[in-house]
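Have a look at the structure below, then the notes.
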Amino acid sequence: MLSNPERARVGAHPAPAADSPLLAGLNAEQRAAVTLPPEHALILAGAGSGKTRVLTTRIAWLLQTGQVSPGGVLAVTFTNKAAKEMLTRLTSMLPLNVRGMWIGTFHGLCNRFLRAHHQLAGLPQAFQILDTQDQLSAIKRLCKQHQVDEERYPPRQLQWFIAGCKEDGLRPADVPASDSQARRKVEIYQLYEDQCQREGVVDFGELMLRSYELLRDHDAVRAHYRRRFRHILIDEFQDTNRLQYAWIKLIAGLPAEQSEQAGGGAILAVGDDDQSIYAFRGARVGNMADFVREYHVQHQIKLEQNYRSHSNILDAANALISHNQGRLGKNLRTDAGAGEPVRVYEAPTDFAEAEWVVDELKQLVREGMARREIAVLYRSNAQSRVIETQLFNAGVPYRVYGGLRFFERAEIKHALAYLRLLENPRDDTSFLRVVNFPPRGIGARTLEALQDAARGLGTSLHDAVSTVPGKAGANLAAFIARLDVLREQTAGHTLREIIEQMLEASGLIEHYRGEKEGQDRIENLQELVNAAESFVMQEGFGRDAVALPVDEQGAVPSQSPASQGLDPDAPMLDEPLPSAPAVVDADTGETLSPLAAFLTHAALEAGDNQAQAGQDAVQLMTVHASKGLEFDAVFITGLEEGLFPHENALSDAGGLEEERRLMYVAITRARQRLYLSHAQTRLLHGQTRYNLRSRFLDELPEDVLKWLTPQRGGFASIAPQPIAARADWAGARGSFGSNFSAPQPSPASTGHAIRAGQQVFHVKFGEGRVLAVEGAGDDARAQVDFPRHGVKWLALAIAKLTVVE
DNA sequence: TTCAGCCCTGTTTTT
DNA sequence: CAGGGCTGAA
């Protein structure tokens, strides 16, 4: 073990200890990955192959063998959870001060970086971060102000467009726009950028992009970090987007740019192409291949030994994923036995499906399984409701992940808006959010006048208040006066005191006291005080948090970074090069007030959503949210065409493959037991929908499955279930009860001969395949997949469909 | 200005 | 079915 961190200085290269206790218990591949030479490498880590262990042991190994000092490590993950996990494991392996290490999420690290170099980045030091909600409301506000036709340019779509541009590293000027519609979008993008800049706020994408540009445009800064980071480790590399990969390339330098002199770290990319499930938000699996090519990667290690699941589960996963094209190729294996078969259940309704899930999991609990070891997964959040109801009725404790998280709740957002205004009065988004909440006689008309005035003056709303005349103006003035007083009163106070005084002064508590449903909200607001308190404890803001001056003008050639107040326990630069201009390192960037730091924390980590974390509860979450987790028993529900795979993903082949990877992720969460289920009918958007069972079920090997219900026809084209509708079908919901083994009721015909699975012809769209039919009589609709025109819903009463078969 | 009620629309996954 | 936005009345 390392007793003195100083030993970690580079230069003294102790002989790598092959018998290091760190390596104990690792298999050959894992060991090879941990002890790789300091060169670029790609680890293909299958699900459950001990990826996190390898990653953390690698860091510990590098530190222990003196190949790098803590300050020379950059480790990037996607989720806060993963970053925390890495830190915890690391500190349990080595006694070490992790403060100088850069371990965090892309967004977290970019934030840290931008705070330190905020002047170079053109941002106020206390810039605030817009979450998705804030971003949308900022865009809506902008659209109103600039008379954007919200019909033609829906704000949500604009948000998607802007985020997409940023993920590709494109500023408005870089976006190709051929037609007028596209040009208009780019124009709005530009306006949005201006607005954010004016208000001193950044969105998630901006954190990344701004940080990328800063590195790109400032040679001294880039050179500094290149020399600093000798080892760059990236988790979940398959989830990186274009911009993130470009950022990594800047911070590491391309091979041609790397040298003893110029620095440049060794990149260790860890990923699994089969678990790439974030293409929808810009993730590019292709980055893996690009990395291998651009960095001439010589070391590729596959981790295929799975330590998690029984072989029946793995066989199912392997078989499923083999249906995807163009994989890097990887097969999981295990030494564990076959284990239980994968159980498959077909329910008549979503309601019955939930009932079955609850019955089964109660049985598991009776057999001694801990509830927290049981997960119920679904494709989309809306599906949780039925299951929740069932669990609730059965009195089974459960916990839902996702949905509204703590910092996203309305009352919390209101409170945060007040706090943000204390920190930055120019934050118009926050201003508008609370200027009339609780109501204080400032209505839409007043605000319109204020916004006009602000636009005319080119100032923030806050600064334009004095120009509004009359009673309305007086109300506004009273509002900002209240804020100003609060700001003065709380100066120098602890975070807790600031929040408590804000809750009083804002009138939020008072307001919710008067509401009938307000008690919960008040409790949440009180919880906010607790959240702040524990944040202060964790970050050590409590006492003598010395604010170090950050000299942003950049180069201070005569001073070494160490003389600028860097943590002496964490030497940043091993032997600073004599000619190199010293750049203030982002480690000195902790000059934020506790309040500003807390607000950042709130934006970057939306927080957990349920207070009852300690209880032994069944876990409910989307498949996406389950990534990286594992459970003894896993239920994957709603395995239906249109739901999983989701209908929006069916239009292109890439979408389907991503859905399949999603299913692969879901399957590989299970250690011992895996349950799959689908329902014939499901209540969605208040309508009963009839779904075929998911094609993914048919892609699993029969011999690992155990059908709990009699099997009927296969997917779509093979003997499709006669699917038609009867108006009172919904009324029959639940009456099937346990009657699932009975033959399907054959409801009266709609009069339309259209059935799922059929090949049909449409005058305009040509030939297509019917995916589903729903509704009855004149309302009957069919979902048809047209090869040329995509998936469409057609009203059977109107559309002329002829059966081709 | 506020509030209640109506209509309309959207509706995958999220750092 | 939900939530947001819009309208009209108090």
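In what follows, chains carry the letters A, B, and so on, assigned in the order in which the sequence lines appear, proteins first and then strands, with residues in each chain numbered from 1. Only this structure's heavy atoms are used, side chains among them; waters, hydrogens and symmetry mates stay out.
Comparing atom distances between the A:Asn648 side chain and each of B:dT12, B:dT14, B:dT15 picks out B:dT12 as nearest. Comparing atom distances between the A:Ser380 side chain and each of B:dT14, B:dT2, B:dT12 picks out B:dT12 as nearest.
The distance between atom CZ of A:Phe78 and atom C1' of B:dT14, rounded to the nearest whole Å, is 11 Å. Between A:Leu243 atom CG and B:dT15 atom P there is a gap of 18 Å when expressed in whole angstrom units. The nearest whole Å value for the distance from the CZ atom in A:Phe406 to the C1' atom in B:dT14 is 20 Å. Straight-line distance from the CE atom of A:Met663 to the P atom of B:dT13: 18 Å, rounded to whole Å. To the nearest angstrom, P of B:dT12 lies 13 Å from CD of A:Gln157. One atom, CH2 of A:Trp160, and another, P of B:dT13, lie 12 Å apart when rounded to the nearest Å. What separates CD of A:Glu658 from C1' of B:dT13 is a distance of 8 Å, to the nearest Å. To the nearest angstrom, P of B:dT12 lies 18 Å from CG of A:Leu639.
Within the 4.0 Å cut-off from OP1 or OP2 of B:dT1, at least one side-chain nitrogen or oxygen of A:Thr446 is found. An OP1 or OP2 oxygen of B:dT13 is reached within less than 4.0 angstrom by a side-chain nitrogen or oxygen of A:Asn381. Contact check, A:Thr79 against B:dT14: no side-chain N or O comes under 4.0 Å of OP1 or OP2. A sub-4.0 Å separation between OP1 or OP2 of B:dT2 and a side-chain N or O of A:Asn436 is present.
Contact annotation for A:Arg385: backbone-only contact, meaning every heavy-atom pair under 4.0 Å involves sugar-phosphate atoms and none involves a base. Residue contacts shown for A:Phe280 include a base, since a base heavy atom lies under 4.0 Å away. Residue contacts shown for A:Lys140 are limited to sugar-phosphate atoms, with no base heavy atom under 4.0 Å away.
Stacking of A:His107 onto the six-membered ring of B:dT15 is not present when judged by under 5.5 angstrom between centres and under 30° between planes. In this structure, A:Tyr278 does not count as stacked on the base of B:dT13 under the 5.5 Å centre distance and 30° plane angle limits.
Below 30°, between 30° and 60°, or above 60°: for A:His624 and A:Phe280 the angle between ring planes is above 60°, a perpendicular geometry. The aromatic rings of A:Tyr512 and A:Phe437 sit tilted, their planes meeting at an angle between 30° and 60°. Using cut-offs of 30° and 60° on the angle between ring planes, the pair A:His601 and A:Phe535 is tilted.
The base of B:dT13 does not come close enough to the side chain of A:Arg281 for any donor and acceptor atom to sit less than 3.5 Å apart.
We find that A:Glu85 and A:Arg89 are joined by a salt bridge, their nearest charged nitrogen and carboxylate oxygen being less than 4.0 Å apart.
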Checklist entry - Can you list the steps and then say if A:Ile234 with A:Ile248 is a side-chain contact (heavy atoms from CB on, under 4.5 Å)? => result CA-CA 9 Å; A:Ile234 305 131; A:Ile248 291 162; 3.6 Å; yes
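Between A:His624 and A:Ile442, the residue anchored nearer the 5' end of DNA chain B, judged by the nucleotide with its closest heavy atom, is A:Ile442.
In summary, the aromatic rings of A:Phe127 and A:His118 are positioned with their centroids too far apart to meet the 6.0 Å limit.
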